[in-house]
Amino acid sequence: MKNLLSFFILIIIFQTLDAQTKKYDIVIYGGTSAGVAAAIQSSRMDKSVVLIEPTNRLGGLTTGGLGQTDIGNKQAIGGISREFYENIKKYYDDEKNWKWEKPSEYKDGGQTRTEKGEPTMWTFEPSAALSVYHDMMKKEKVKVVYDERLNRDSGVNKVDGKIVSITMESGKKFIGKVFLDATYEGDLLASAGVSYAVGRESNEEFGETLNGVQANKINLSLTRLVSINGQNHNFIPSVDPYVVKGDPESGLLPNVNEKPGLEGEGDDKIQAYCFRMCLTDHPENRIVFKKPANYDELNYELLFRNYEARVGSVQDMYYKGGPLLPLINSSMPNRKTDSNNRFGFSTDYIGKNYDYPDASYAEREKIIEDHRNYQMGLMWTLANHPRIPKEVREEASKWGTAKDEFEREDGWQQQLYIREARRMISDYVMTQKNCEGLVVAEDVIGLAAYGMDSHNVQRYVDANGYVQNEGNVEAHGFKPYPISYRSLVPKKGECENLIVPVCVSSTHIAFGSIRMEPVFMVLGESAATAASLAIDTGKPVQDISYESLKSILLKNGQHLE
């Protein structure tokens, strides 16, 4: 009887383990825009596929507030990525999706203005993007798993250079033939022992001019394109960095460094993060900005001083007849915005994200909450603090977070704008020379078209004793350029069945051009196509036939030239 009982217990244990272990052709970790596109393409390639998302919401930044699509050149976007923007247009062609304003009242703007008769639309509410993604996924055979995080300590089982399975913190295990890391952080590639970089390379390392410390106002790129570095998104001259003005002994204000480092020198610092706020001025849908419980006025002293120094300055011209708020408030449908960083002190929480890429989940959550509290405090300050000019307070008070967008009751999203984290180091590293067309990848699997763009990395005391931001780079004016397939796959000796469509092998400054959501969708689709070929041919992802891959990509509408 005892042996029989033990037998049944073993059966139950094995059944439980089996229920927690699933087998798929393609396992995708990360439900970002790249992950969604990869899952759709995997299904269309007749492969069994699971998409594992660590949160309860698909789409990453595309559904997390980044409604103003950064492209550079619309013609570079093809395949599933273009299909998404065509579906956005169809979504807004339906009048029932216009609740807070009429379609005729909406005026989109910026670089992605939709022209009359264009079949695509490039600006959208987060909820619209989420609806479109869900509709696209419903048509496919994709298993979506929510709220499961990779066990980053011991959750990757590798045998003979190949990932056999990945295990979540909950104990759920997923077995696959090919794995895709579609996270913004590169958690799967790091846990699989694949080489990666964090921070800025020196200019010398790859023969670049726009990497490393960029304290100069104007730099020339390799092709003599003008790069506006420290000039934009900086403080008005003469803003004092010390707690007590003019007194170095009183200490520096929060998040200010003494020295920026040598020009062009590398470091382990990364460009600033923020939340891309979805704001509204509609009274029935607006949540008033609230003062966070841990509000510290000292964190906004530089904001006060920057406003106080603006009178008679060059920046004052922006405020007179221009934007009163230190925000890029791009209009989205239904009287909402995609609000981004602008000027010297804004939504970017400069210097507070350096530990994020390699941080534990608990540490990351603290960093995210710190960013949210900072930004909540910023918006409350702009709307209420007496040291903010009256006209600015009046303008800020018109706005608030939207009631109908995100899961949180306060209207704030959970998705932090992870502009850059880990970047894989493979046998092919995309660099500034690729962006400017001096080096052209022959194994192209998609195009990038946005300028080399980096937000500020640090604040420092300049030679005159005033505070300045450093790290901003804006180098535009070059043509769309190819992204190498080899930049998506690890070195063969490190992992033979992993493809990375987000944290691609690139330098900091090249990633600043590649890191756009429509490009991530392009790379996600191409990665899934390559994964399918690797399965069909039984080859490592590094050894598949590029000509075969290219043929399928072109057939599916990817733009490779």
Distance, nearest 0.5 Å, that separates [atom1] of [X] from [atom2] of [Y]:
{"X": "I350", "Y": "E470", "atom1": "CD1", "atom2": "CD", "result": "10.0 Å"}
{"X": "R305", "Y": "Y466", "atom1": "CZ", "atom2": "OH", "result": "12.0 Å"}
{"X": "I77", "Y": "M521", "atom1": "CD1", "atom2": "CE", "result": "8.0 Å"}
{"X": "L447", "Y": "I483", "atom1": "CG", "atom2": "CD1", "result": "7.5 Å"}
{"X": "Q415", "Y": "L66", "atom1": "CD", "atom2": "CG", "result": "10.0 Å"}
{"X": "Y146", "Y": "N56", "atom1": "OH", "atom2": "CG", "result": "8.5 Å"}

Taking [Y]'s backbone N and O only, do any of them form a donor-acceptor pair with [X]'s side chain (distance below 3.5 Å, no angle check)?
{"X": "R276", "Y": "D338", "answer": "no"}
{"X": "E517", "Y": "T62", "answer": "yes"}
{"X": "K336", "Y": "H282", "answer": "no"}
{"X": "R393", "Y": "I388", "answer": "yes"}
{"X": "R372", "Y": "Q413", "answer": "yes"}
{"X": "N469", "Y": "N234", "answer": "no"}
{"X": "E53", "Y": "G31", "answer": "yes"}
{"X": "Y450", "Y": "G512", "answer": "no"}
{"X": "R149", "Y": "P54", "answer": "no"}
{"X": "R335", "Y": "L279", "answer": "no"}

Name all residues meeting the side-chain contact (heavy atoms from CB on, under 4.5 Å) criterion together with [X]; count only those two or more places apart in sequence or in a different chain, and write none if there are none.
{"X": "N151", "answer": "D153, S154"}
{"X": "R286", "answer": "T280, V288"}
{"X": "A38", "answer": "I28, L180, A528"}

Quick check with a 6.0 Å cut-off and a 45 degree axis cone: is R419 positioned over the face of Y273's six-membered ring?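 Verdict for Y273: no cation-pi partner in R419.
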With a 4.5 Å heavy-atom cut-off, do [X] and [Y] have their side chains touching?
{"X": "C503", "Y": "D181", "result": "no"}
{"X": "V239", "Y": "L302", "result": "yes"}
{"X": "T32", "Y": "F520", "result": "no"}
{"X": "Q68", "Y": "M332", "result": "yes"}
{"X": "Q41", "Y": "V49", "result": "no"}
{"X": "T183", "Y": "V502", "result": "no"}
{"X": "D108", "Y": "S331", "result": "no"}
{"X": "K22", "Y": "V50", "result": "no"}

Side chains of [X] and [Y] only: does a donor on one sit below 3.5 Å from an acceptor on the other?
{"X": "D348", "Y": "Q271", "value": "no"}
{"X": "N285", "Y": "D404", "value": "yes"}
{"X": "N334", "Y": "E125", "value": "yes"}
{"X": "E420", "Y": "H508", "value": "yes"}

For [X], which residues count as a salt bridge (Lys or Arg N to Asp or Glu O under 4.0 Å) partner, sequence neighbours excluded?
{"X": "E363", "value": "none"}
{"X": "E148", "value": "K172"}
{"X": "R408", "value": "D410"}

Which heavy atom of [X] sits nearest to which heavy atom of [Y], and what is that distance?
{"X": "I26", "Y": "S42", "answer": "CD1-OG, 3.4 Å"}
{"X": "G446", "Y": "V522", "answer": "CA-CG1, 3.8 Å"}
{"X": "P357", "Y": "N353", "answer": "CD-O, 3.8 Å"}

For this output row, return yes or no: ring centroids of F179 and Y24 closer than 6.0 angstrom.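 F179 vs Y24: aromatic centres not under 6.0 Å.
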Which pairs count as ring-ring contact (aromatic ring centres under 6.0 Å, His included) when at least one residue sits in residues 61-97, sequence neighbours excluded?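 Listed by first then second residue: F84-F124, F84-Y133, Y85-W122, Y92-W98.
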Can you pull out every ring-ring contact (aromatic ring centres under 6.0 Å, His included) where at least one residue sits in residues 397-417? Sequence neighbours excluded, please.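 Matches after skipping sequence neighbours: none remain.
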Side chain to side chain donor-acceptor pair (under 3.5 Å) involving D358 - partner list, sequence neighbours excluded: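 Per chain and number, D358 pairs via side chain to side chain donor-acceptor pair (under 3.5 Å) with Y196, R422.
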Do the rings of H371 and Y349 sit parallel, tilted or perpendicular, given the 30° and 60° boundaries?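 Plane angle over 60°, so perpendicular.
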In terms of the angle between their ring planes, are H455 and H233 parallel, tilted or perpendicular, with boundaries placed at 30° and 60°?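 Judged by the thresholds at 30° and 60°, the geometry between H455 and H233 is parallel.
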Can you give the donor-acceptor pairs under 3.5 Å from side chains of residues 375-387 to other protein atoms, not counting sequence neighbours?
unit_1, atom_1, unit_2, atom_2, d
Q375, OE1, F275, N, 3.0
Q375, NE2, F275, O, 2.8
T381, OG1, Y295, OH, 2.8
T381, OG1, G377, O, 2.6
N384, ND2, W380, O, 3.0
H385, ND1, R387, N, 3.1
H385, NE2, E297, OE1, 2.7
R387, NE, E308, OE2, 3.1
R387, NH1, E301, OE1, 2.9
R387, NH1, E301, OE2, 3.4
R387, NH2, E301, OE2, 3.0
R387, NH2, E308, OE1, 3.4
R387, NH2, E308, OE2, 3.2

side-chain contact (heavy atoms from CB on, under 4.5 Å), that's the test. Do Y242 and L252 meet it? Break it down for me. CA-CA 4 Å; Y242 300 107; L252 290 165; 3.5 Å; yes
Apply side-chain contact (heavy atoms from CB on, under 4.5 Å) to residues N456 and R459 and explain how you reach the verdict. CA-CA 8 Å; N456 280 306; R459 289 195 170 118; over 6 Å; no
Sequence neighbours excluded, every pair satisfying salt bridge (Lys or Arg N to Asp or Glu O under 4.0 Å) that has a member inside residues 56-69: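 Qualifying pairs, neighbours excluded: R57-E407.
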Distance-only check: which donor-acceptor pairs under 3.5 Å involve side-chain atoms of residues 135-144, not counting sequence neighbours?
unit_1, atom_1, unit_2, atom_2, d
E140, OE1, S43, OG, 3.0
E140, OE2, R44, NE, 3.0

Could you walk me through whether M45 and T529 satisfy the side-chain contact (heavy atoms from CB on, under 4.5 Å) test, starting with their C-alpha distance in whole Å, then the side-chain angles of each, then the deciding distance to 0.1 Å, before giving a yes or no? CA-CA 7 Å; M45 298 288 288; T529 306; 4.1 Å; yes
Side-chain ion pair, D370 and K366, N-O less than 4.0 Å: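 No salt bridge links D370 with K366.
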